[in-house]
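Reading through the structure tokens given below for one structure.
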Amino acid sequence: MLRVETPFALTAPAAAVRARPILPLEARGLVLETAGRRLVDGLDLELQPGALTVILGPNGAGKSLALRLLHGLLRPTAGAITWAGRAADADVRRRQAMVFQKPVLLRRSTAANLDYVLKRQSLSRSRRRARLQELLTLGNLLHLARVPARLLSGGEQQRLAVVRALACEPEVLFLDEPTASLDPAATLAIEALIERAHGAGTAILLVTHDLGQARRLAREVVFLHQGRAVEKAEAAAFFAGPRSAIARAYLAGDLAL
Ligand SMILES: Nc1ncnc2c1ncn2[C@@H]1O[C@H](COP(=O)(O)OP(=O)(O)OP(=O)(O)O)[C@@H](O)[C@H]1O
Ligand SMILES: [Mg+2]
């Protein structure tokens, strides 16, 4: 059984002590075209301070591409992304993190994957060691600290990817189906980490197909279809009755593409 509660508190993002805000994040008219296909087609999206927004939508809707565009891994064909009114720069990139649909880990041990991130922060040696233990405990990975990350199970790799993203103390966290391969207890443990980060001030943009998870976590829902945000609503209103026929069909599980 995974331990959800830990005696440690996640450190609040350093937002409070940083002068320049990076939120709201605003995407206007984002387009991504490759080989004549419009994969993202005029996407508008905002992320306000304190947001916990869930992106829903069928396979191929453009959810992962949207997160990659916002994170800065892809350059849009057209449209603009601004962070508190300015374009992303090195400062913005340092202050946001992403967990990918398929975990991207270094060919090193579990602990070394986390320590790689901690090394880039100016921490004393003892503080760095303490943070490492804290993060391993948060991810229920203490017993796997010395194991090469590539030998971890899919779910263990995903837990490592999530706590590694949290190690950066990001002000904005993009999560692409972070619990897709996790068992129910591990899923709840990751959700607890997400809630804790959100409580500490991190704005969250989460993609999931797990509707239970969306109901548990979302404050706001954005429904994507064919590269466009077809519906944006407060979560309770969305789940009580989506406005768009496509979102209703998705929730009912009878979306025929
Ligand atoms: N590098 C690429 N080159 C060409 N097409 C791509 C590329 N990446 C994604 N696509 C296409 O863009 C569309 C959107 O992909 P995306 O990965 O964003 O979907 P998604 O909404 O995340 O779906 P899923 O729920 O299956 O993860 C898909 O039709 C996919 O085939
Ligand atoms: Mg995807």
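These numbers were taken from a predicted model, which means no experiment stands behind them. We count ligands from 1, going down the list as the structure has it; atoms in each ligand are counted the same way.
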Side-chain (Gln157) to main-chain (Ala149) donor-acceptor, under 3.5 angstrom: yes
Gly62 touching ligand 1 at heavy-atom level, < 4.0 angstrom: yes
More than 12 heavy atoms from other groups under 6.0 Å of NZ on Lys119: yes
Heavy-atom nearest neighbour in the protein, as seen from atom 26 (O) of ligand 1, with distance rounded to 0.1 Å: Asn59 ND2, 2.9 Å
Test side chain to side chain contact (heavy atoms under 4.5 Å, CB included) applied to Gln101 - qualifying residues, sequence neighbours left out: Ser64, Asp176, Glu177
Residue and atom name of the nearest protein heavy atom (relative to atom 17 (O) of ligand 1), distance in Å to one decimal: Ser64 CB, 3.6 Å
Nearest-0.5 Å distance, CZ of residue Arg75 to OG1 of residue Thr77: 10.5 Å
Those residues that, when tested against Asp89, pass salt bridge (charged side-chain N to carboxylate O under 4.0 Å, His left out) (two or more places apart): Arg20, Arg86
Atom CZ of Arg228: over 12 foreign heavy atoms under 6.0 Å: no
Protein heavy atom under 4.0 Å of atom 1 (N) of ligand 1: no
Leu142 vs Gln133, side-chain contact (heavy atoms from CB on, under 4.5 Å): CA-CA, chis, key distance, verdict: CA-CA 7 Å; Leu142 261 180; Gln133 293 303 304; 3.3 Å; yes
Minimum-distance protein heavy atom relative to atom 13 (C) of ligand 1: Gly60 O, 3.7 Å
Geometric class of the Tyr250/His209 ring pair [parallel <30°, tilted 30-60°, perpendicular >60°]: tilted
Close-contact set for ligand 1 against Glu177 heavy atoms, below 4.0 Å: 25 (O), 27 (O)
Nearest protein heavy atom with distance in Å, relative to atom 10 (N) of ligand 1: Leu39 CD1, 3.8 Å
Stepwise side-chain contact (heavy atoms from CB on, under 4.5 Å) test for Glu234 and Glu220: CA-CA 4 Å; Glu234 195 256 314; Glu220 186 200 22; 6.0 Å; no
Nearest non-hydrogen protein atom, atom 3 (N) of ligand 1: Thr34 OG1, 4.1 Å
For Arg28, side-chain hydrogen bond (donor to acceptor under 3.5 Å, both in side chains) partners two or more places apart: Glu26, Glu46
Contact check, Arg68 vs ligand 1, heavy-atom distance below 4.0 Å: no
Within-4.5 Å side-chain heavy-atom neighbours: Leu43 and Leu69: no
Proximity winner for atom 27 (O) of ligand 1, if only heavy atoms of Lys63, His209, Gln101, Gln226 are counted: Gln101
The Mg ion (ligand 2): protein N, O or S atoms that are less than 2.8 Å away, sorted by chain: Ser64 OG, Gln101 OE1
Heavy atom of protein closer than 4.0 angstrom to atom 30 (C) of ligand 1: no
Electrostatic pair Glu195-Arg219, nearest N-O below 4.0 angstrom: yes
Ligand 1 versus Leu65: contacting region, heavy-atom distance under 4.0 Å: both
